[in-house]
Enquirer: 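Below is a structure I'd like to ask you about.
Proteins get letters first, then strands, A, B, ... in listed order; numbering begins at 1 in each.
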2 protein chains.
Amino acid sequence: MSGKTTREQIIAAADELFYHRGFEQTSFASIADVVHLSRGNFYHHFKAKDDLLDAVIAARLADTRAMLERWESEAPDPADRIRKFIDILLINRADIQSYGCPVGTLTSELAKLDHTALGAAGGLFTLFRDWLGEQFTRLGYRDDADDLAMHVLAASQGVATLANAFHDEQFIRREVQRLHDWLDTHIDD
Amino acid sequence: MSGKTTREQIIAAADELFYHRGFEQTSFASIADVVHLSRGNFYHHFKAKDDLLDAVIAARLADTRAMLERWESEAPDPADRIRKFIDILLINRADIQSYGCPVGTLTSELAKLDHTALGAAGGLFTLFRDWLGEQFTRLGYRDDADDLAMHVLAASQGVATLANAFHDEQFIRREVQRLHDWLDTHIDD
DNA sequence: GTCTATATACCGATAGAC
DNA sequence: GTCTATCGGTATATAGAC
């Protein structure tokens with residue numbers, strides 16, 4: 001906390017609350033409680049709630065980009081990189097069972113709200129989509145690299161939604177294994 | 001409209017608004033506007049908003065049961081029945097692109113709200129899960145019939161979430177075809 | 001940059017006349 | 001069974017003192 005500016009603390013608190021309770025259900029008061037700030041002081045940092053949402057999405061985009069770059073340096077093999085993506089379902093299984101996927105649930109909520117930030121939130125999906133597509137391209141796929149990327153993305157979203165609904169960790173493990181098996185059938189080496 | 005009671009009209013209006021805008025974001029006033037009723041009169045029919053939610057979920061459960069029974073009478077072959085389930089992604093593609101899956105999005109929202117009706121909403125998933133599991137059992141699967149049912153359910157949820165995020169109809173068509181192909185590899189006849 | 005006080009609007013829910 | 005009027009609470013957002 002010491003190294004963070006007030007603005008960064010607000011974004012971090014909002015990020016978590018948006019994920020746990022949803023965007024619309026998260027009030028400025030609840031964020032202010034976490035950051036130990038008064039409601040009035042809030043508007044010095046963010047003019048409106050939508051501006052805060054934009055900042056949270058921008059922060060998530062930056063975090064995701066950093067994660068993907070880390071994966072790239074850790075795993076030179078494109079198949080291993082895709083495996084890292086699949087495994088976040090396991091790594092984040094506790095949060096996923098409680099709150100679903102942070103990207104999928106935010107996108108669904110903003111779609112129902114008909115919110116202007118829906119496009120920005122969809123950029124998080126695009127980030128993963130393009131990155132996965134690039135890995136499939138490196139695996140030798142050309143025209144259908146994007147289709148395969150979307151398939152992996154959809155599979156992970158389906159697992160997150162049902163894991164959240166049923167609170168079933170074994171289901172996550174089974175589906176992750178199934179996805180790894182599917183990936184293996186799409187690698188010729 | 002003529003043959004429906006006021007209560008049934010309220011439930012139908014709430015059902016649609018909950019799907020299009022979400023539960024929390026749907027106010028009594030907006031439902032009252034649709035049914036042409038005053039806000040005050042509302043509480044003659046439903047004591048609280050949660051009671052209305054329970055009624056909407058009960059109505060969806062009844063509608064779903066009726067649909068599954070219709071499928072059973074239309075298709076004696078369990079594989080054809082599963083195909084009918086897969087094809088609702090195509091039939092409802094317009095709504096899915098705009099609002100996602102009515103079951104998945106409601107469950108995600110109630111999970112974040114920590115709402116008591118989350119279990120009841122999950123019953124909608126259980127209905128499909130058990131029905132799909134029974135079809136896989138009839139196809140000869142025993143221990144893993146439920147796993148396969150959950151896999152089909154997860155696949156459909158993933159497609160719905162991404163179709164909603166990207167508004168991509170061709171993606172739906174590709175993934176539906178992929179699911180049909182997957183199903184064919186799981187039928188030996 | 002932080003605070004208190006407040007404006008304005010909407011929410012779910014209630015009371016009571018008709 | 002339907003209505004109007006209203007309560008109490010909370011939301012976003014603003015104004016202005018310190």
Enquirer: Name the nucleic acid region contacted by B/Tyr43, choosing base, sugar-phosphate or nothing; use a 4.0 angstrom heavy-atom cut-off, strictly under.
Expert: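 Base contact.
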
Enquirer: Over all heavy atoms of both residues, which pair between B/Ile96 and B/Tyr19 is shortest? Give the atoms and the distance, please.
Expert: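 Result for this residue pair: N-OH, 3.9 Å.
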
Enquirer: Using a heavy-atom distance cut-off of less than 4.0 Å, which residues of residues 18-27 of chain A contact DNA chain D?
Expert: A/Thr26, A/Ser27

Enquirer: Would you confirm whether the ring centroid of B/Phe46 sits within less than 6.0 angstrom of the ring centroid of B/Phe28?
Expert: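 Ring centroids of B/Phe28 and B/Phe46 are no less than 6.0 Å from each other.
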
Enquirer: Whole Å only: how far is the NE2 atom of B/His45 from the C1' atom of C/dT14?
Expert: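 Going from B/His45 (NE2) to C/dT14 (C1'), I get 16 Å.
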
Enquirer: Angle between ring planes, A/Phe18 versus A/Phe23, binned at 30° and 60°: parallel, tilted or perpendicular?
Expert: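 A/Phe18 and A/Phe23: perpendicular rings.
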
Enquirer: Whole angstroms only, please: what is the CZ-P distance between A/Phe28 and C/dA7?
Expert: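 About 21 Å, once rounded to whole Å.
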
Enquirer: Are the charged groups of B/Arg173 and B/Glu169 less than 4.0 angstrom apart, N to O?
Expert: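 Yes, charged N to carboxylate O under 4.0 Å.
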
Enquirer: Among A/Trp71, A/Phe125, A/Phe85, A/Phe136, whose ring pair (Phe, Tyr, Trp, His ring centres under 6.0 Å) with A/Trp131 holds?
Expert: A/Trp71

Enquirer: Inspect the contact between A/Arg83 and A/Asp184 and indicate whether a charged nitrogen and a carboxylate oxygen are less than 4.0 angstrom apart.
Expert: yes

Enquirer: Name all residues meeting the side chain to side chain contact (heavy atoms under 4.5 Å, CB included) criterion together with B/Ser30; count only those two or more places apart in sequence or in a different chain, and write none if there are none.
Expert: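 Per chain and number, B/Ser30 pairs via side chain to side chain contact (heavy atoms under 4.5 Å, CB included) with B/Leu17, B/Arg21, B/Thr26, B/Ser27.
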
Enquirer: Just how far, in rounded Å, is P of C/dA15 from NZ of B/Lys47?
Expert: 14 Å

Enquirer: Tell me, please, the opening and closing nucleotides of DNA chain D, 5' to 3', among those with an atom under 4.0 angstrom from a non-hydrogen atom of chain A.
Expert: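 Reading along DNA chain D, I get D/dA11 to D/dT14.
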
Enquirer: Is any side-chain N of the basic residue among A/Glu175 and A/Arg178 closer than 4.0 Å to the acidic one's carboxylate O?
Expert: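 Between A/Arg178 and A/Glu175 there is a salt bridge, with a charged N closer than 4.0 Å to a carboxylate O.
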
Enquirer: Using atom CZ of A/Arg39 as one end and atom P of C/dA5 as the other, report the distance to the nearest whole Å.
Expert: 11 Å

